[in-house]
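Positions are given from 1 along the sequence. Order of appearance sets the numbers: ligands from 1, and atoms from 1 within every ligand. Atoms considered below: every heavy atom in the structure, side chains included; atoms not considered: hydrogens, waters and symmetry mates.
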Amino acid sequence: MGNDGAQAVSGLKPARFIYILCRMKYGDRVTLPITEMDRKGRGRGLVNGRPVGAYFCAPGETIEGTFYARKQGVKMLRLEAVTTASPHRTAAPCPYAGRCGGCLWQQFDYPFQLEMKRELINRSLSDAGIAEKVDGVVACPTQTYYRNRMDYCVSPKGELGLKEPGRWNAYLDLETCYLLSPAAVQAMNAFRAYMKETGLEPWNADTETGYVRYLVIREGKNTGKRMITVVTAEGALPDPYGLVNALAPYATTIYHGVNPAVTDLSIAEKMELLQGDACLEEQVGRRTYRIHPNSFFQTNTTMAAELLKTVGEFLAPKPPKKLLDLYCGVGFFSLGLADTAEKTIGVELDEKAILMARDNAALNGITNAEFHAAAAESLIWENERPDTVIVDPPRAGLHPKVTKSLLAHLPERIAYVSCNHESFARDFRLLKTAYRITQMRALDLFPHSPHVELVTLLERTA
Ligand SMILES: C[S@@+](CC[C@H](N)C(=O)[O-])C[C@H]1O[C@@H](n2cnc3c(N)ncnc32)[C@H](O)[C@@H]1O
């Protein structure tokens with residue numbers, strides 16, 4: 001056997017094995033020792049010096065799998081057997097674990113998941129030449145039913161659930177799911193039954209025909225509210241009363257959302273309120289937030305409180321005079337920390353979120369917060385002059401113009417909240433000409449997935 005880690009699967013003749021080493025073909029079955037976890041949460045090893053990966057396995061394991069796809073330079077195996085199992089393999093609560101893209105790591109014990117996340121963060125930092133490291137990841141106290149939002153998709157056959165990882169057209173018809181809540185599972189099963197009974201046509205992404213696309217369920221974990229949006233293609237609902245009847249036992253708000261585009265998105269362009277309150281309400285710490293159905297909110301309520309506490313603790317030694325909250329959503333950080341600053345200014349692209357943020361300020365009796373609907377990169381800094389900035393960008397990280405503005409205007413401190421340590425590392429490589437990291441904390445908002453939140457306090461060096 002070669003020293004690159006590849007092994008012929010029993011039964012293959014030597015000549016065929018050599019051929020696999022030279023050039024793996026679709027359908028070839030390969031044995032692969034997994035040496036590392038990649039940033040997408042896939043186990044990875046080398047065959048002939050080239051990266052080969054598979055979902056649902058971890059470093060220290062040896063697997064057998066069939067080569068089925070190439071993704072960004074990685075040859076992907078479909079896991080068929082684990083011949084050497086990690087001591088961290090454990091019984092997963094969900095029967096779909098090991099197949100469903102919703103939870104890539106449910107079959108590994110939680111301390112091991114946290115250790116994998118710590119390693120992934122530290123690898124990103126060291127790859128970017130950043131010396132600082134995180135010592136650990138703050139655990140989420142519950143690893144089931146921790147999410148407050150799920151976007152369940154409808155398959156062309158009327159299945160309802162999630163997809164296999166990395167396969168846009170491989171659906172799992174989920175009868176249970178441990179991510180949101182038992183009541184959300186009941187809602188999902190009731191909606192599936194309703195689709196079958198009424199013959200509501202599912203959307204077919206291949207032919208771009210059909211109607212029902214997504215069932216989006218959002219919950220206020222601390223308010224007991226539940227908002228359900230049925231996202232369809234263009235066209236009126238054939239039986240809105242029947243739909244409301246089917247979902248009403250599980251929802252405080254029901255929407256019909258229309259996504260007329262061919263793109264596979266659960267976000268709806270038009271929203272029609274069928275029943276209940278127009279917004280979802282959630283409480284984090286001392287604040288109540290009203291959330292528009294299309295607007296972002298941190299998806300783990302319990303850990304969102306920890307996130308807010310972390311940013312608050314990092315900024316506490318020097319209360320901000322003017323706190324600029326870039327990418328502010330419905331005002332999560334600026335309203336949560338308004339008491340600690342003389343003035344807060346939130347900037348966010350989503351106009352609906354900004355309307356909500358203003359309402360949320362009023363709802364919470366906050367008078368020192370203002371909000372602007374604008375792209376963060378279009379902000380005129382001369383008008384604002386903040387001493388403290390919170391940035392919480394989407395996964396892509398800061399727009400280059402935002403980084404440039406930060407370096408031109410040099411606020412004293414930046415609290416960088418990142419859901420993607422790779423983009424944080426890229427951005428900090430530029431910011432480090434004027435800033436140093438003085439605090440860093442990783443928090444697990446996403447158990448059973450490779451995702452992790454990283455909060456960093458950057459202080460101006462001169
Ligand atoms: C990770 S979320 C953070 C939201 C908020 N800080 C919170 O904790 O709820 C990122 C936010 O950035 C917004 N966004 C995306 N691109 C933007 C841009 N170019 N300028 C301003 N906001 C943007 C999104 O709409 C989203 O609300």
Side-chain angles (χ1 to χ4, degrees), residues 147-149 218 220-222 265-269 279-285 287-312 314-315 323-338 341 344-361 364 369-381 384 386 388-406 414-424 427 441 443 445-446 449 451-456:
R147 287 184 62 96
N148 59 30
R149 174 186 179 137
R218 301 183 76 164
K221 295 285 188 188
N222 292 328
L265 287 178
S266 58
I267 197 144
E269 209 172 78
C279 292
L280 181 72
E281 227 168 71
E282 179 61 302
Q283 260 165 2
V284 180
R287 301 288 182 242
T288 301
Y289 298 91
R290 285 175 60 75
I291 306 159
H292 181 270
N294 275 345
S295 294
F296 177 91
F297 197 74
Q298 300 289 344
T299 50
N300 180 333
T301 301
T302 307
M303 290 306 283
E306 286 301 309
L307 196 60
L308 185 61
K309 216 162 84 187
T310 298
V311 176
F314 285 5
L315 298 180
L323 173 63
L324 175 64
D325 181 10
L326 284 182
Y327 309 91
C328 70
V330 297
F332 179 67
F333 288 110
S334 36
L335 295 177
L337 300 172
T344 72
I345 304 154
V347 176
E348 157 69 48
L349 193 60
D350 172 1
E351 288 178 16
K352 293 276 182 356
I354 286 297
L355 294 177
M356 293 282 89
R358 288 180 190 140
D359 283 357
N360 288 334
N364 290 282
E370 64 180 59
F371 292 96
H372 304 285
E377 57 274 22
S378 71
L379 185 73
I380 304 187
W381 282 70
E384 308 301 346
T388 307
V389 180
I390 297 173
V391 292
D392 182 14
R395 289 189 64 72
L398 299 179
H399 189 286
K401 282 189 185 161
V402 173
T403 315
K404 215 168 143 192
S405 295
L406 287 166
I414 304 168
Y416 193 135
V417 180
S418 169
C419 57
N420 180 351
H421 40 83
E422 287 189 329
S423 54
F424 164 75
D427 293 340
R441 189 178 295 166
L443 300 104
L445 273 70
F446 316 101
S449 86
H451 299 296
V452 59
E453 206 78 9
L454 181 65
V455 187
T456 317

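Nearest heavy atom pair, residue M356 against residue C279, reads SD-SG, 3.4 Å. Of all heavy-atom pairs between L326 and W381, the closest is CD1-CZ2, 4.0 Å. A pairwise comparison of heavy atoms in I414 and L406 identifies CD1-CD2, 4.0 Å as the closest pair. When all heavy atoms are compared, the tightest approach of C419 to P393 is SG-O, 4.2 Å.
Between Y416 and F424, the two ring planes are perpendicular [angle over 60°; tilted spans 30° to 60°]. In this pair, F332 and Y289 present their aromatic rings tilted. The plane angle is within the 30 to 60° band.
One option in D392, L398, V417 has a heavy atom closer to atom 3 (C) of ligand 1 than any other, and that option is D392. For the residues F296, Y327, F297, the heavy atom positioned nearest atom 6 (N) of ligand 1 is part of Y327.
In this structure, N364 contributes its side chain and R287 its backbone to no donor-acceptor pair below 3.5 Å.
Residue contacts with ligand 1: A374 is included, with a non-hydrogen atom under 4.0 Å away. Heavy atoms of C328 come nearer than 4.0 angstrom to ligand 1 in at least one pair.
Shortest contact from atom 15 (C) of ligand 1 to any protein heavy atom: P394 CG, 3.4 Å. Of all protein heavy atoms, the one lying nearest to atom 19 (N) of ligand 1 is E377 OE1, 3.1 Å. Counting protein heavy atoms only, atom 8 (O) of ligand 1 is closest to Q298 NE2, 2.7 Å. Closest protein heavy atom to atom 22 (N) of ligand 1: L349 N, 3.2 Å. Atom 20 (N) of ligand 1 has A376 N, 2.8 Å as its closest protein atom, hydrogens excluded (heavy atom only). Atom 27 (O) of ligand 1 has its closest protein heavy atom at E348 OE1, 2.8 Å.
If you number the atoms of ligand 1 from 1 as listed, the ones under 4.0 Å from a heavy atom of F332 come out as 7 (C), 8 (O), 9 (O). Ligand 1 places these atoms under 4.0 Å from at least one heavy atom of A375: 20 (N). Close contacts between ligand 1 and P393 involve ligand atoms 1 (C) [criterion: under 4.0 Å to a heavy atom].
Counting heavy atoms from C-beta outward, F446 and T299 have side chains that approach closer than 4.5 Å.
Every residue meeting the salt bridge (Lys or Arg N to Asp or Glu O under 4.0 Å) condition with E422, not counting sequence neighbours, appears here in chain and number order: R39.
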